[in-house]
Amino acid sequence: FRDLVARRKLPDGRIGWTENTGTPNFGEDGAFLGYRGVSRDVTESKRTADELQATTKLLQSILEVVPAGISYRDRDGTIIFINDPGAGIVGLTPEDLIGKTMREVLGPDGIIDSEEMILRAIASGQPIRDHILAPDHLPGREFLGNVIPINSADGKIVGVISIVQEITEIRAAENELRRLFSALDSLPDIVAIYDPDDRLIYTNGAVYPALDDAKRASFVGLTFAQVM
């Protein structure tokens with residue numbers, strides 16, 4: 001046997017581990033006499049490996065509940081890890097995707113915008129930040145994508161982490177807010193909005209009709225007394 005890890009009780013009562021390698025030993029008459037080999041203490045390395053495994057499981061459990069699609073791909077684009085929201089973007093489960101590339105799963109004609117973004121980051125080795133995605137297979141929905149390359153000690157790319165978060169509701173609220181301000185700007189009456197600290201956060205064109213937008217914007221953040 002080789003590299004057999006065995007549990008043993010240490011003199012102080014703690015549990016330890018040894019890694020053992022041995023070969024059978026026979027007498028001249030062919031009778032089995034036992035094993036001859038070496039044994040080394042691997043208690044600390046086993047404890048470190050167990051702690052790393054526990055930390056990895058904890059991290060994966062956290063990533064599973066984060067409301068964003070998170071994945072890790074190697075330099076070939078093979079999916080090493082992907083959480084449920086990430087797999088859900090293409091209507092699949094993590095089990096459907098892990099160990100495969102998106103091209104293998106979806107076919108050459110099924111590659112989506114987020115995957116093209118990830119492949120660009122792998123090819124260039126450069127991060128991609130705050131990229132807006134509007135997948136054709138999810139009409140009316142928008143996502144914010146970020147890709148972070150992971151490099152080895154010698155600077156070579158070994159994989160990428162991607163984070164894709166849906167921003168459909170945020171974008172809809174931004175558009176609604178823009179429409180509201182556009183309507184306020186067209187009013188002949190003066191409209192000024194102040195925050196609880198009495199600082200101006202918005203004013204329409206009727207306040208200072210002779211000023212351009214840039215000049216009116218310079219008043220934002222001032223108190224009522226400073227504006228007047």
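Quantities reported herein were computed from a predicted structural model and do not represent experimental measurements.
Legend: residues meeting side chain to side chain donor-acceptor pair (under 3.5 Å) with Arg75, ordered by chain and number and at least two apart, are absent. Evaluation of the side chain to side chain contact (heavy atoms under 4.5 Å, CB included) rule for Leu10 yields Arg8, Asp12, Arg14 as partners, not counting sequence neighbours.
Pairs of residues two or more places apart, or lying in two chains, never qualify as side chain to side chain donor-acceptor pair (under 3.5 Å) while including a residue from residues 190-199.
With Asn175 contributing its side chain and Ala172 its backbone, the two residues share no donor-acceptor pair below 3.5 Å. Using modelled atom types, no side-chain atom of Asn146 and backbone atom of Ser162 make a donor-acceptor pair closer than 3.5 Å. Side-chain N or O atoms of Asn204 include one that pairs as donor or acceptor with a backbone N or O of Leu184 at under 3.5 Å.
The OG1 atom of Thr23 lies 9.5 Å from the CZ atom of Phe26; values are rounded to the nearest 0.5 Å. Separating the OG1 atom in Thr21 from the OH atom in Tyr35 is a distance of 12.5 Å, to the nearest 0.5 Å. Atom CG of Leu119 and atom CG of Asp76 lie 11.0 Å apart (nearest 0.5 Å).
Among the candidates Val105, Leu97, Thr101, the single residue satisfying the side chain to side chain contact (heavy atoms under 4.5 Å, CB included) test with Ile79 is Leu97.
Between Phe81 and Tyr72, the ring centre distance reaches or exceeds 6.0 Å.
A salt bridge between Glu19 and Arg2 is absent, with no side-chain N of the basic residue lying under 4.0 Å from a carboxylate O of the acidic one.
Hydrophobic clustering (ILVMFWY, side-chain heavy atoms < 4.5 Å, transitive): Ile201 and Leu187 are in one cluster. Side-chain heavy atoms closer than 4.5 Å link hydrophobic residues (I, L, V, M, F, W, Y) into clusters, and following such links, even through other members, never connects Val160 to Leu144. No continuous path of hydrophobic side-chain contacts links Ile190 to Ile193 [ILVMFWY only; heavy atoms under 4.5 Å].
Checked by atom type, the side-chain pair Thr93/Asp96 shows a donor-acceptor distance below 3.5 Å.
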